[in-house]
Amino acid sequence: MRMSRLFSKTLREAPNGADSKGYEYLLRAGFIRQLGAGIFSLLPFGFNATKKIEQIIREEMNAIGGQEILMPLVNPADIWKETGRYYSIDKEMSRFSDRVGRDMVLAMTHEEAVTDLARGEIDSYKRLPLLVYQIQTKWRDDPRPRAGLIRVREFTMKDSYSFDVDQDGLDAQYAAHYKAYFRIFSRAGLPVIVVGADSGMMGGKISHEYMYLSSIGEDTIITCPACGYTANRQVAAFAKTSYTEEMKPVEKVLTPECKTIEELAAFLKIEERQTAKAVFMVGTFINDTNGEEEEKLIVGIVRGDLDVEENKLQNAARANALRPAHSEEILAKGMVPGYGSAIGCAKDVLVIVDDSVANSNNLVAGANEEGYHLLNTNFGRDYSGLVADIASAAAGYACPECGKPLSSSKGVEVGNIFQLNTRYSESMNCCYQDENGVRKPVIMGSYGIGVGRLLACLAENYSDENGLSLPISVAPMQVHLVSLVKDAEVGENLYKQLTSAGIEVLYDDRKESAGVKFADADLIGLPIRITLGNRSLKEGKVEVKLRRNLEDTFSFELASVVEETKALITRLEQELEEAVVETEWKKA
RNA sequence: CGGGUAGUAGCGCAGGGGCUAGCGCACUUGGUUCGGGACCAAGGGGUCGGAGGUUCAAAUCCUCUCUGCCCGACCA
């Protein structure tokens with residue numbers, strides 16, 4: 001590619017809103033351009049890098065038996081009605097109707113489409129196991145796209161779907177993905193960790209997320225430095241101390257102006273752990289068959305020294321969505337905000353009690369009366385409810401596995417794997433006949449990688465104060481040939497030699513000053529830079545630099561540039577191959 | 001969806017009832033320079049996001065609206 005003919009140009013200043021380094025450089029180097037909120041075009045560099053990432057994904061998916069297919073972005077709503085997600089997913093899914101009024105949707109994922117495909121193809125256990133995948137556009141009308149390519153509305157995703165006769169088969173495919181994902185990310189050069197995750201709208205049980213740890217991330221990851229336990233905070237467990245003692249009688253006390261746990265503990269001169277905190281939410285429950293919504297007040301009770309993890313609460317409540325309750329809604333059920341507890345609340349309130357509360361005695365709880373609290377309340381004796389883990393893990397808490405202190409960090413989810421089991425095959429009647437002629441639902445798994453998000457994370461990880469420096473496996477091209485000599489012939493010849501040897505070359509043939517060319521080369525950050533200048537040409541040499549280390553310059557003989565460049569490319573590629581991480585999944 | 005903020009040349013910004021709307025970068029032409037974002041000269045480029053209103057006069061004031069960004073809610 002000649003830079004004089006390149007479609008994109010570099011920007012000296014970052015467009016407004018480019019707040020992270022990676023995003024800024026992707027824009028300035030001409031990889032991407034924004035069209036609307038959460039909607040981006042890929043320019044030649046960005047598209048090239050994307051194709052490289054996709055190729056790595058293809059190779060690894062093929063290696064575990066994946067067959068590439070392509071499913072439509074536009075789906076008839078019928079299949080989404082079959083699984084109920086047409087009703088349970090809110091505005092995040094865009095809907096429209098076609099010319100004759102049929103309900104249509106833009107697919108935000110392809111479980112429905114693939115299950116529809118599978119039920120037509122799979123008839124016998126002899127056909128299983130199967131694995132298909134695609135690299136396809138998804139549309140999710142996120143209420144708040146942000147951070148460049150990290151959180152967008154239209155994006156490219158690799159999604160694969162496994163089909164098996166039983167749990168063992170699913171486990172095997174899950175394990176294969178678990179390992180393949182580590183290979184994919186390490187071949188691309190992105191450091192990731194795997195965390196236990198919530199399965200969210202996907203349904204199913206076991207799932208893991210692949211996280212790139214970075215301050216630009218929106219997920220909070222809880223990890224144990226001592227034993228390696230990791231989980232998304234949404235589901236992270238921790239060891240809770242229980243404080244059991246003999247139950248004492250309930251006593252009502254005046255506690256004016258004590259609306260927070262902190263004030264209450266200070267007023268009563270007790271520790272926060274000796275109190276019970278009530279959090280009021282309204283859960284939406286959706287009937288999958290008719291799509292009717294109903295709301296229900298949920299009270300989450302945790303010990304005063306802990307916080308409620310809303311995601312855990314939502315899962316424990318089996319609610320479709322949660323929102324904070326309004327004061328009137330709480331009062332209507334016999335409870336008083338600021339002085340609230342589940343004691344004496346209306347019967348149709350869903351009470352969910354954290355095990356920390358169930359395992360502690362004589363806690364101070366709200367009296368459901370303005371200005372009063374109750375001493376010595378005990379779960380089971382004074383009120384009842386569903387016991388679950390609804391407390392939020394945080395740094396410093398004890399690891400659930402080894403008891404050592406946990407730590408927390410921010411991460412970007414770049415991939416995930418889910419065991420769907422029969423969530424989709426049952427509702428869509430995707431069945432096979434077993435050896436005995438019995439029809440059974442296919443056991444499914446689904447596995448995603450955000451391609452653009454991966455590029456964004458790579459840009460973030462591989463950049464310095466001068467620009468990008470992507471690894472050779474994903475860089476848009478391999479070599480940046482910078483010509484500083486007036487005589488175009490030397491450059492032209494070298495460009496032809498290199499490209500005809502199969503090397504990907506960006507040739508800066510522009511009439512620009514050396515400073516401009518170097519600055520652009522730094523910004524675009526191709527891994528190998530070959531500079532043609534009078535200084536070295538006199539000695540029959542060209543200068544070579546690696547982008548990742550601009551300090552070091554070495555040289556190639558002009559006569560053997562092609563061979564030496566090839567060898568250098570091979571060396572860089574091998575480095576990445578050698579760093580590939582092989583990690584096995586161990587079923588708990 | 002709530003709160004904030006901003007829309008003026010391709011990008012970054014200034015101007016804030018009055019005459020021809022500016023600056024830097026980028027772009028065009030000519031010349032000089034030529035190994036880390038060169039210099040001189042001459043140019044081109046704008047329905048000031050949109051609609052309505054106030055006014056003798058609106059980029060500027062008012063109303064509505066659209067769009068981007070940030071925080072929150074939300075998020076496989």
Side-chain angles (χ1 to χ4, degrees), chain A residues 8-20 23-24 27-28 30 33-40 85 88-93 107-111 138-148 150-153 155 157-161 197-204 207-210 217-220 232 234 281-282 284 310-311 314 320-324 412-418 420 423 446-450 453 466-467 482-487 508 510-523 529 531-538 542-543 545 550 553:
Chain A
S8 59
K9 64 175 182 179
T10 55
L11 306 174
R12 287 208 186 185
E13 286 173 294
N16 197 355
D19 38 9
S20 76
Y23 181 27
E24 176 187 334
L27 285 166
R28 286 186 46 205
R33 292 286 182 261
Q34 182 172 11
L35 179 62
I39 306 175
F40 287 84
R85 291 209 289 183
S88 63
I89 294 170
D90 197 22
K91 289 181 182 164
E92 198 176 348
M93 181 159 68
M108 38 194 293
T109 173
H110 283 81
E111 279 77 17
K138 306 275 185 273
W139 170 261
R140 293 184 191 175
D141 197 358
D142 194 298
R144 176 135 131 75
R146 67 183 114 178
I150 297 289
R151 192 163 148 187
V152 292
R153 296 194 293 171
F155 58 101
M157 182 178 189
K158 185 288 300 179
D159 44 328
S160 46
Y161 304 91
D198 178 54
S199 46
M201 77 169 190
M202 305 297 292
S207 84
H208 287 91
E209 291 171 340
Y210 291 75
E218 296 187 289
D219 286 282
T220 302
N232 195 309
Q234 294 180 326
M281 306 292 288
V282 172
T284 310
E310 283 184 24
N311 191 72
Q314 182 176 332
N320 189 260
L322 287 189
R323 63 167 171 83
V412 181
E413 180 191 348
V414 287
N416 57 36
I417 54 180
F418 288 101
L420 299 174
R423 163 71 178 85
S446 109
Y447 317 84
I449 291 178
R453 192 178 270 194
N466 298 313
V482 179
S483 175
L484 302 179
V485 292
K486 272 194 201 134
D487 179 9
D508 196 343
R510 298 173 302 172
K511 290 183 173 50
E512 286 290 350
S513 70
V516 170
K517 290 186 174 187
F518 285 138
D520 278 346
D522 292 345
L523 183 59
R529 180 181 316 169
T531 307
L532 292 177
N534 290 322
R535 264 190 335 220
S536 49
L537 280 176
K538 262 186 243 164
V542 295
E543 283 169 47
K545 270 183 202 287
L550 295 175
T553 307

Give every pair of a protein N or O atom and an N or O atom of nucleotides 67-70 of chain B that lie under 3.5 Å apart, one pair per line with the distance.
residue : atom : partner : partner atom : Å
B:G68   : OP1  : A:Ala37 : N            : 3.0
B:G68   : O3'  : A:Gln34 : NE2          : 3.4
B:C69   : OP1  : A:Gln34 : NE2          : 2.6
B:C70   : OP1  : A:Asp19 : OD2          : 3.2

ask   = Looking for any heavy atom pair under 4.0 Å, which part of the strands does A:Pro143 touch: base, sugar-phosphate only, or nothing?
value = base
task = Tell me what A:Tyr447 touches on the nucleic acid: a base, only sugar-phosphate, or nothing, going by heavy atoms under 4.0 Å.
result = nothing
Under 4.0 Å protein heavy-atom contact, by nucleotide of nucleotides 34-39 of chain B - B base, S sugar-phosphate only = BBBBS-
task = Name all residues meeting the salt bridge (Lys or Arg N to Asp or Glu O under 4.0 Å) criterion together with A:Asp141; count only those two or more places apart in sequence or in a different chain, and write none if there are none.
result = A:Arg153
request  = Go through the structure and list residues passing salt bridge (Lys or Arg N to Asp or Glu O under 4.0 Å) with A:Glu218, not counting sequence neighbours.
outcome  = A:Arg146, A:Arg151
request  = For B:A38 versus B:A26, give the span between their C1' atoms, rounded off to a whole number of Å.
outcome  = 15 Å
message = For A:Arg144, give me all partners under side chain to side chain donor-acceptor pair (under 3.5 Å), at least two apart in sequence or on another chain.
response = none
query = Charged N to carboxylate O under 4.0 angstrom, A:Arg423 versus A:Glu111?
reply = no
message = Reading 5' to 3' and counting Watson-Crick or G-U wobble pairs with both distances under 3.5 Å, write the dot-bracket notation for RNA chain B, | for bases paired outside the strand.
response = ((((((((.[[[[.)..(...]]]].((((((.....)))))).....[[[[[..)....]]]]])))))))....
ask   = Within this structure, what is the CD-to-P distance between A:Glu92 and B:A73, rounded to whole angstrom?
value = 16 Å
ask   = Given atom CG of A:Leu27 and atom C1' of B:C25, what is their separation to the nearest angstrom?
value = 17 Å
